[in-house]
Amino acid sequence: MDDTTTQTTNTPPTENKHRLPAWQPIVITLVLGLIITASTFWILKGGAGVNDPFTPEIRKAVSLPIYYPAQLPDGYAIEPTSIALPEKKAVTFKVINNHAQKFFVSETDATEKDSGLKNLAGNLTNVRHFSTPHGQATSGTTNNGQTNMVSIIIDNKTWVILNSGKSVPISALESTVNHLTLSK
């Protein structure tokens with residue numbers, strides 16, 4: 001035999017120690033499917049909801065039903081440190097986004113503020129009435145278009161007013177009113 005020829009031997013092939021068991025790809029596919037399904041549901045639902053920002057002490061101090069938006073427009077959040085009780089039957093708080101755009105929410109006793117609602121309605125321009133889960137709401141502008149405002153009275157007890165500068169679209173306020181939820 002000459003030096004240039006090679007010999008072949010019949011050695012058994014080596015096992016691939018990195019091969020996955022047959023069941024693992026199925027489990028991985030199922031887990032990825034669940035993650036994708038949950039993510040799609042979360043996105044279609046509109047993102048994360050808002051937790052009730054009011055403590056039992058605040059609810060008791062206000063002594064009227066108070067509401068918070070269970071969902072806010074994209075990028076907005078309730079600023080927890082802004083929650084205030086300016087009077088016994090009133091609560092206020094600020095909603096802000098990551099561009100420093102903000103709007104204010106005030107809630108007060110609707111039975112004591114009826115004349116205020118009539119005055120407010122008389123000062124609005126570009127008035128629009130729209131339906132919400134809690135009844136009819138009114139939106140419009142004041143101060144020569146410099147302030148956007150939305151107002152609703154819920155169950156003849158709580159008067160909710162949202163207002164902002166013109167940098168916050170009135171649609172953001174209207175959307176917020178549509179997602180008001182009773183604090184429990």
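Along the sequence shown, residues carry numbers from 1.
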Review point. What's the verdict on side chain to side chain contact (heavy atoms under 4.5 Å, CB included) for Asn156 and Thr111, showing C-alpha distance, side-chain angles and the deciding distance?
Key: CA-CA 7 Å; Asn156 291 319; Thr111 61; 5.8 Å; no

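- A salt bridge links Glu174 with Arg128: at least one charged nitrogen is closer than 4.0 Å to a carboxylate oxygen.
- One distance of note links CD1 of Ile170 with OG of Ser175; it measures 12.5 Å at 0.5 Å rounding.
- Between the Arg59 side chain and the Ile66 main chain, no donor and acceptor come within less than 3.5 Å of each other.
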Practice item. Start with the C-alpha gap between Thr142 and Thr125, add the side-chain angles, then the distance that decides, and say whether side chain to side chain contact (heavy atoms under 4.5 Å, CB included) holds. Key: CA-CA 6 Å; Thr142 62; Thr125 56; over 6 Å; no

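- Residues Lys157 and Leu64 form no side-chain contact, since every pair of their non-hydrogen atoms from C-beta on lies 4.5 Å or further apart.
- Taking CD from Gln146 and OG1 from Thr141, the interatomic distance works out to 9.5 Å, rounded to the nearest 0.5 Å.
- Put simply, OG1 on Thr108 and CH2 on Trp159 are 8.0 Å apart, with the number rounded to the nearest 0.5 Å.
- Under the 3.5 Å distance criterion, the side-chain polar atoms of Gln101 are matched with a main-chain donor or acceptor of Ser167.
- Here the side chains of Ile161 and Val150 are not in contact, with every heavy-atom distance at 4.5 Å or above.
- Looking at every heavy atom in both residues, Ala172 comes nearest to Pro73 through O-CG, 3.6 Å.
- At distances below 3.5 Å, not a single donor-acceptor pair connects side-chain atoms of Asn163 with backbone N or O atoms of Thr147.
- Note on Val62: it clusters hydrophobically with Leu182, by side-chain heavy-atom contacts below 4.5 Å among ILVMFWY residues.
- In this structure the side chain of Thr181 never reaches within 4.5 angstrom of the side chain of His179, judged on heavy atoms.
- Residues Ile152 and Thr138 form no side-chain contact, since every pair of their non-hydrogen atoms from C-beta on lies 4.5 Å or further apart.
- Within the structure, ring-ring contact (aromatic ring centres under 6.0 Å, His included) pairs that include any residue of residues 75-110 comprise Phe54-Phe93, Tyr76-Phe103 (at least two apart or interchain).
- Within the 3.5 Å criterion, the main-chain N or O of Asn178 finds no donor-acceptor partner in the side chain of Thr132.
- Of the possible polar contacts, one joining the Ser82 side chain to the Glu79 backbone as a donor-acceptor pair under 3.5 Å is found.
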Check your understanding: Which is it for Ile83 and Ile58 under the side chain to side chain contact (heavy atoms under 4.5 Å, CB included) test, yes or no, and what are the steps along the way?
Key -> CA-CA 9 Å; Ile83 297 171; Ile58 290 172; 3.8 Å; yes

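- Taking each heavy atom of Asp52 and Ser183 in turn, the nearest pair found is OD2-OG, 2.8 Å.
- The two residues Thr92 and Ser106 come nearest to each other via the heavy atoms CG2-CB, 3.7 Å.
- A pairwise comparison of heavy atoms in Leu180 and Pro69 identifies CD2-N, 4.0 Å as the closest pair.
- Under the 3.5 Å distance criterion, the side-chain polar atoms of Asn148 are matched with a main-chain donor or acceptor of Val168.
- Counting only heavy atoms from C-beta outward, the side chains of Leu124 and Asn126 never approach each other to under 4.5 Å.
- Contact of the Val95 side chain with the Thr176 side chain is not registered, since no non-hydrogen atoms from C-beta on lie closer than 4.5 Å.
- Taking 4.5 Å as the limit, every side-chain heavy atom of Lys102 sits out of range of all side-chain heavy atoms of Ser164.
- When the side chains of ILVMFWY residues are joined at heavy-atom separations under 4.5 Å, either directly or via intervening members, Ile96 and Leu162 end up in two distinct hydrophobic clusters.
- For residues 126-151, every residue pair satisfying the ring-ring contact (aromatic ring centres under 6.0 Å, His included) rule, not counting sequence neighbours, is listed here: Tyr67-His134.
- In this structure the side chain of Met149 never reaches within 4.5 angstrom of the side chain of Ser139, judged on heavy atoms.
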